[in-house]
Amino acid sequence: MKFTIKSSDKNSNARTGVLQTGHGEIETPIFMPVGTAGAVKAVQIPDLSNDTKAQIILGNTYHLYLRPGLKIIEAAGGLHKFNGWQKPILTDSGGYQVYSLANTRKLTENGVVFRSHIDGSKHEFTPENVMNIQRTIGADIIMAFDECTPYPCEYNYAKNSLGITHRWLDRCIKQFDNTEAKYGHEQMLFPIVQGSTYKDLRLKSAEFIASKNAKGNAIGGLSVGEPHEMMYEMTEIVCGVLPKDKPRYLMGVGTPENILESIALGIDMFDCVMPTRNARHGIIYTSEGIINIKNEKWKNDFSMLDANGTSYVDRQYSKAYVRHLFAANEILGGMITSLHNLAFYLWLVGEAKNKIISGDFSNWKNVMVTKLSSRI
RNA sequence: GGGGAGAUUCCAGAGCGGUCAAAUGGGGCAGACUGUAAAUCUGUUGGCGCAGCCUUCGGAGGUUCGAAUCCUCCUCUCCCCA
């Protein structure tokens, strides 16, 4: 289990590396498709693996704990065996649900009591049982239990929350160290930097997290509605403190533009629901910009979905056809666009890696960023 | 041949004298979405020189201060009985 830096960009903090896990190596920078409930929505495992070139996917502690539940996952032999994905898996701890399901939970020093969004039943998540749950799910990388603070966030709230997240981290580490992996492969625990949009809190948090000497470190609490500049500023501050020889994971980010900018700041790992969720809503990302395939202007456009795309769906289907699928509410539409978007995101980080290695990253990034965010 | 029901804005379908440019669905058009309560949600959907005005509720007349709503005739649909 180790992370090796392979090359570094001269004009930015971008770097490439290889992270070894119990299910193989991950080449960074990398984008990790989100598979909350044990499935990357609308995408089959062979396509995910062979077509998008995904190297690692996410699962979610809260969602998997509620459904199908730990008994079934354990009986299956862990999530890898259950869903058939044999490459690395990272599970989020439920910290994001502390934010996204704020209406149905109660947070205390001990943990969080969630009211199930499925049946209303109460479930307490503590740093200890969140470690146990992730042991049972069997992810290669597991996340510390934290509170993802909202934006905007009062300073005092952010400061108190940060204290809780840090104390929870110590409890997570203790529990993690006192328990063992269940399925014969090693697991690693990533702590999470919080501190909302306050420089001093971010700095303090990054120093605290760095002091734990974890195998990898994450930055959370960003991309929750704050301006992009603020997100980059916080990321830069934190990257200045987190150890250089360990992978840095920027949680929940982001747009193609966000990803390239963050790679330049020294981020190695990303995850985001945008490529999959937006795909199901008709948005596709391409190297030339963003397309809303539902728009009337594609009605008679029989050109391939993305002439520059790397996925087989890009050449297999036309824009007009995919638009038709969305108009007709055919499930295939969302499957095609999901596959396309993931292949594009993976292509993007792969290309970033190539450019870092060849020394052309910064110029390439600057050209790409304006194209990527434009609307076609 | 006899009896009955009905024609409403793209479609279906409310409205049954003023608060109606007209409910609600659907369809159309557009937008949002960042560690997924999301195949979801939001806006908009007669025209214009747009806090107002103009033209709309099958057609033509009429009653009324005022009509999609009441009356007369016409046109056309649908249903039942022979």
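Chain identifiers are assigned alphabetically (A, B, ...) following the order of the sequence lines, protein sequences preceding nucleic acid strands; residue numbering begins at 1 within each chain.
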Can you tell which of [options] lies closest to the side chain of [X]?
X	options	result
A/D271	B/rA39, B/rG35, B/rU36	B/rG35
A/R375	B/rA32, B/rA30, B/rU36	B/rA32
A/V34	B/rA37, B/rA30, B/rG35	B/rG35
A/C148	B/rG31, B/rG35, B/rA39	B/rG35

What is the distance, rounded to the nearest whole Å, between atom [atom1] of [X] and atom [atom2] of [N]?
X	N	atom1	atom2	result
A/R323	B/rG27	CZ	P	13 Å
A/I118	B/rA38	CD1	C1'	14 Å
A/L222	B/rU34	CG	C1'	11 Å
A/M231	B/rG35	CE	P	11 Å
A/D92	B/rU34	CG	P	15 Å
A/K294	B/rA30	NZ	C1'	10 Å
A/N341	B/rU36	CG	P	17 Å
A/Y96	B/rC33	OH	P	12 Å

Under a 3.5 Å limit for both distances, which nucleotide forms a Watson-Crick or G-U wobble pair with [N], could you say?
N	value
B/rG35	none
B/rU55	none
B/rC50	none
B/rC76	B/rG6
B/rG1	B/rC81
B/rU42	B/rA30
B/rA23	none

| said: Can you confirm whether the side chains of A/D9 and A/S362 place a donor and an acceptor under 3.5 Å from each other? | reply: yes

| task | Determine whether the side chains of A/R171 and A/N110 contain a donor N or O and an acceptor N or O closer than 3.5 Å. | result | yes

Between [Y] and [X], is the closest basic N to carboxylate O distance under 4.0 Å?
X	Y	answer
A/E233	A/K199	yes
A/D268	A/R15	yes
A/E261	A/K365	yes
A/D170	A/K212	yes

| field | Donor-acceptor pair (no angle test) under 3.5 Å: A/D146 side chain, B/rG35 base | value | yes

| message | Could you check whether the side chain of A/H228 and the base of B/rU34 have a donor-acceptor pair of N or O atoms closer than 3.5 Å, going by distance alone? | response | yes

Verify the contact: side-chain N or O of [X] to OP1 or OP2 of [N], cut-off strictly under 4.0 Å; return yes or no.
X	N	answer
A/N295	B/rA30	yes
A/T36	B/rU36	yes
A/S100	B/rU36	no
A/Q97	B/rG35	no
A/N60	B/rG35	no

Name the nucleic acid region contacted by [X], choosing base, sugar-phosphate or nothing; use a 4.0 angstrom heavy-atom cut-off, strictly under.
X	value
A/T104	base
A/N258	base
A/G221	base
A/G334	nothing
A/E257	nothing
A/L58	sugar-phosphate

When the [atom1] atoms of [M] and [N] are compared, how many Å lie between them, rounded to an integer?
N	M	atom1	value
B/rC16	B/rU69	P	12 Å
B/rA7	B/rG13	P	9 Å
B/rC54	B/rG49	C1'	12 Å
B/rG52	B/rU42	C1'	28 Å
B/rG61	B/rC50	C1'	34 Å
B/rA68	B/rA82	P	42 Å
B/rG1	B/rC74	P	15 Å
B/rA14	B/rC48	C1'	29 Å

| query | When rounded to the nearest 0.5 angstrom, what distance separates OG1 in A/T91 from CG in A/L64? | reply | 8.0 Å

| message | Please verify the inter-ring angle class for A/W168 with A/F145; under 30° counts as parallel, over 60° as perpendicular, anything in between as tilted. | response | parallel

| task | Measure up the A/F361 and A/W364 rings against each other and bin them: parallel (under 30°), tilted (30 to 60°), perpendicular (over 60°). | result | tilted

| Contact list for RNA chain B against residues 272-283 of chain A - heavy-atom distance below 4.0 Å | A/C272, A/V273, A/M274, A/T276, A/R277, A/N278, A/R280, A/H281, A/I283

Under 6.0 Å between ring centres, would you say that holds for [X] and [Y]?
X	Y	result
A/Y65	A/Y62	no
A/Y345	A/F31	yes
A/F114	A/H123	no

| field | Toward the 5' end of RNA chain B, by each residue's nearest nucleotide, A/G225 or A/K297 | value | A/K297

Can you give me the N/O atom pairs linking the protein to nucleotides 43-47 of chain B at distances under 3.5 Å, or say none if there are none?
none

| task | Could you note down all residue pairs passing side-chain hydrogen bond (donor to acceptor under 3.5 Å, both in side chains) where residues 234-256 of chain A supplies at least one of them, sequence neighbours left out? | result | A/N213-A/K246, A/Y249-A/D271, A/T255-A/N258

| query | Ignoring hydrogens and geometry, is there a side-chain-to-backbone donor-acceptor pair from A/E288 to A/K371 under 3.5 Å? | reply | no

